[in-house]
Amino acid sequence: MSIQKPSIPKGTRDFGPEKMAKRNYIFSTIKEVFTRFGFLPLETPSMENISVLTGKYGDEGDQLIFKILNSRLYEAKNKEELKAEFDKGLEKNTNSDVLTEKALRYDLTVPFARYVVMNRNEITFPFKRYQIQPVWRADRPQKGRYREFYQCDADIVGTDSLLCEAEIVLMVHEVFKKLKIENFALKINNRKILSGITEIIGKPGCETDFCVAIDKLDKIGIEGVLKELREKDFDEKSIELLLPILHLQGNSKEKLEAMKGILKSSSTGLKGIEEISIVLEKVDLLGLQNSSLEFDLTLARGLSYYTGAIFEVKAIGVQIGSISGGGRYDNLTGVFGLPGVSGVGISFGVDRIYDVMEELNLFPEEHLNSTKILLCYFDEKGQQFGLPLLTKLRAECINSEIYPDVAKIKKQLDYANKKQVTYVGIIGDEEIKTGKVAVKNMVSGEQESLTIEEIITKLK
RNA sequence: GUGGCCAUAGUUCAGUUGGUUAGAACAUCAGAUUGUGGUUCUGAGGGUCGUGGGUUCGAGUCCCAUUGGCCACCCCA
């Protein structure tokens with residue numbers, strides 16, 4: 001076999017020790033906040049039966065699902081059928097159970113819905129779960145966009161209380177405050193308002209086209225949105241009715257007031273307004289200070305299963321897509337045979353949060369080095385002397401290691417230096433005789449002779 | 001799915017109108033230094049110039065194809 005250059009698939013990444021330390025810092029922060037808000041952990045398999053996933057993310061989303069080829073196809077009895085199904089798949093994007101019956105999960109919400117339905121009798125509702133796992137999308141990678149990435153979801157199902165939305169708002173603030181990402185915008189809107197607008201402008205049922213276009217407002221401007229709408233067969237009368245909505249100014253409360261007037265003939269739209277108002281009220285009652293929450297009626301979001309509130313978080317001052325998003329979905333479990341379970345959730349995009357924090361230099365230093373002391377020695381005798389000490393240090397929960405080879409002291413110190421180990425304990429004949437180890441601080445260069453008990457006190 | 005840019009050592013990059021043995025910095029390893037690191041100095045290893053074809057006396061350099069990477073659009077975390 002010829003030597004091959006090693007590589008990893010497009011859009012995937014390795015995470016070395018340094019990156020993992022930073023990633024774990026984000027994960028543990030988010031986990032801590034989730035737990036504090038009463039969410040419990042859940043994990044689901046990387047792969048789902050393909051029928052669980054398809055049809056949940058819209059046409060565009062379905063195409064991005066990674067499918068898993070059935071194994072042992074070569075043993076199949078009816079090869080003709082296989083070939084026919086494969087040819088059909090080449091013609092258009094179809095799924096065939098004989099070729100592929102599993103797929104990698106595309107997000108965490110749909111597998112969660114599947115879990116809820118399957119375990120409906122064991123679950124106590126309202127059910128609050130969090131889930132931190134990778135998801136896969138057969139997208140073309142680019143900045144802030146990967147084919148394998150992590151989502152951190154927290155969802156509440158089994159209640160339609162708007163207090164849940166408010167709690168999510170609080171939780172988002174808490175997470176980003178802890179991560180020191182102070183400058184962010186949490187935008188909130190409601191799908192019912194968007195539906196209401198399509199009713200008002202005489203284009204009911206065209207929500208998808210409308211949402212896709214209006215979502216780009218801050219990117220392509222009003223003219224761009226109008227151009228796109230015209231291309232989607234929105235007539236001039238509709239556009240004329242839409243214009244005052246697009247030009248709406250003011251803070252969240254003022255915009256809500258104005259929309260109340262505009263949507264007065266749409267009961268759906270008014271319902272949306274009322275919902276957001278209640279959320280804002282609850283957020284106030286929960287005592288949120290310095291809120292980054294903002295009502296933005298141009299926020300649309302792609303996923304087709306949202307029915308009520310929608311959220312999106314963007315970091316201000318960093319050119320990257322949204323770092324968090326979510327919303328309420330009234331009937332996600334309906335397709336799995338369990339109607340009437342409303343849920344609302346939020347998803348944090350760790351990979352993008354990582355990129356943002358890297359760009360803004362927000363990672364704290366102390367999380368990067370994990371070994372506190374490295375024991376160094378000159379010969380076999382030194383190692384023998386060091387091993388019991390090492391065990392004592394570890395028994396005291398002090399992260400410690402010993403250099404595995406008899407090597408030059410320079411090399412051992414070099415190793416400590418590169419791993420950013422703060423202390424080294426040097427063991428030579430002198431130390432063995434007195435029972436004290438020469439402990440050197442690698443940052444300051446100071447060195448002192450200490451007994452093992454003194455070392456433990458010093459490093460604890 | 002559409003479009004643009006790029007590909008040379010482990011990494012970041014030089015490489016002249018096409019010319020003989022493809023360079024530098026950093027990184028790695030070793031030595032200067034037999035009980036003390038980061039600095040310095042010396043040396044060493046490391047390349048089928050992404051891959052395949054073509055033009056040419058001659059290709060890292062020009063042309064075509066292909067693969068991979070980055071970026072924008074679509075969409076999205």
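Within every chain, numbering begins at 1; the chains are lettered A, B, ... in the order of the sequence lines, protein sequences first and strands thereafter. Quick caveat: nothing in here was measured; it's all calculated off a predicted structure.
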Euclidean distance for [atom1], [N] against [M] (whole angstrom):
| N | M | atom1 | value |
| --- | --- | --- | --- |
| B:U2 | B:A9 | C1' | 36 Å |
| B:A59 | B:C5 | P | 27 Å |
| B:U61 | B:G50 | P | 8 Å |
| B:C62 | B:G43 | P | 35 Å |
| B:U42 | B:U33 | C1' | 13 Å |
| B:A24 | B:U34 | P | 30 Å |
| B:C41 | B:C26 | P | 9 Å |
| B:G46 | B:A22 | P | 13 Å |

Counting any heavy atom closer than 4.0 Å, what does [X] reach on the DNA or RNA strands: base, sugar-phosphate only, or nothing?
| X | answer |
| --- | --- |
| A:Gly325 | nothing |
| A:Glu228 | nothing |
| A:Lys440 | base |
| A:Gly144 | base |
| A:Lys216 | sugar-phosphate |
| A:Glu430 | base |
| A:Ile409 | sugar-phosphate |

Is the phosphate of [N] approached by [X] (side-chain N or O, under 4.0 Å from OP1 or OP2)?
| X | N | answer |
| --- | --- | --- |
| A:Lys410 | B:G35 | no |
| A:Lys10 | B:G69 | yes |
| A:Gln142 | B:C71 | no |
| A:Lys418 | B:A27 | no |
| A:Lys411 | B:A30 | yes |

For this session: Determine whether the side chains of A:Thr371 and A:Asn399 contain a donor N or O and an acceptor N or O closer than 3.5 Å.
Result: no
Heavy-atom check, side chain of [X] versus side chain of [Y], under 4.5 Å:
| X | Y | result |
| --- | --- | --- |
| A:Glu48 | A:Tyr106 | no |
| A:Arg191 | A:Cys211 | yes |
| A:Lys22 | A:Glu358 | yes |

Kindly point out which of [options] is positioned nearest to the side chain of [X]?
| X | options | answer |
| --- | --- | --- |
| A:Asn417 | B:U2, B:G38, B:U36 | B:G38 |
| A:Phe378 | B:G35, B:C73, B:C76 | B:G35 |
| A:Arg352 | B:C70, B:C76, B:C75 | B:C76 |
| A:Asp139 | B:C75, B:G37, B:G35 | B:C75 |
| A:Phe149 | B:A77, B:C75, B:G35 | B:A77 |
| A:Ser322 | B:U36, B:A77, B:C75 | B:A77 |

Please give, in whole Å, the distance from [N] [atom2] to [X] [atom1]?
| X | N | atom1 | atom2 | value |
| --- | --- | --- | --- | --- |
| A:Gln420 | B:G37 | CD | C1' | 13 Å |
| A:Arg145 | B:G1 | CZ | C1' | 12 Å |
| A:Arg23 | B:A77 | CZ | C1' | 12 Å |
| A:Ile432 | B:G35 | CD1 | P | 13 Å |
| A:Gln63 | B:G1 | CD | C1' | 8 Å |
| A:Arg140 | B:G4 | CZ | C1' | 11 Å |
| A:Tyr106 | B:C75 | OH | C1' | 8 Å |
| A:Lys433 | B:G35 | NZ | P | 15 Å |

For this session: Decide if atom CE of A:Met118 counts as having more than 12 heavy atoms of other residues, nucleotides or ligands within a radius under 6.0 Å.
Result: no
Exercise. Roughly how far, to the nearest 0.5 Å, is the CZ atom of A:Arg137 from the CG atom of A:Leu104?
Worked result: 12.5 Å
Look through every strand shown and name the nucleotide pairing with [N] as Watson-Crick or G-U wobble, where both distances are under 3.5 Å.
| N | value |
| --- | --- |
| B:C29 | B:G43 |
| B:G1 | B:C73 |
| B:G37 | none |

Problem set entry | Per-pair stack call A:Phe348 and B:A77, 5.5 Å, 30° | no
For this session: Identify whether the distance between the nearest side-chain nitrogen and carboxylate oxygen of A:Asp107 and A:Lys56 falls below 4.0 Å.
Result: no
Problem set entry | A:Ile8 or A:Tyr146, whichever maps to the more 5' nucleotide of RNA chain B | A:Ile8
Exercise. Does the pair A:Glu275 and A:Arg328 meet the rule for a salt bridge (charged side-chain N to carboxylate O under 4.0 Å, His left out), with working shown?
Worked result: CA-CA 11 Å; A:Glu275 286 184 12; A:Arg328 178 171 287 278; over 6 Å; no
Problem set entry | Quiz item: A:Glu431 side-chain donor-acceptor pair to B:G35 base, under 3.5 Å | yes
Exercise. Side chain of A:Gln447, base of B:U36: donor and acceptor closer than 3.5 Å?
Worked result: yes
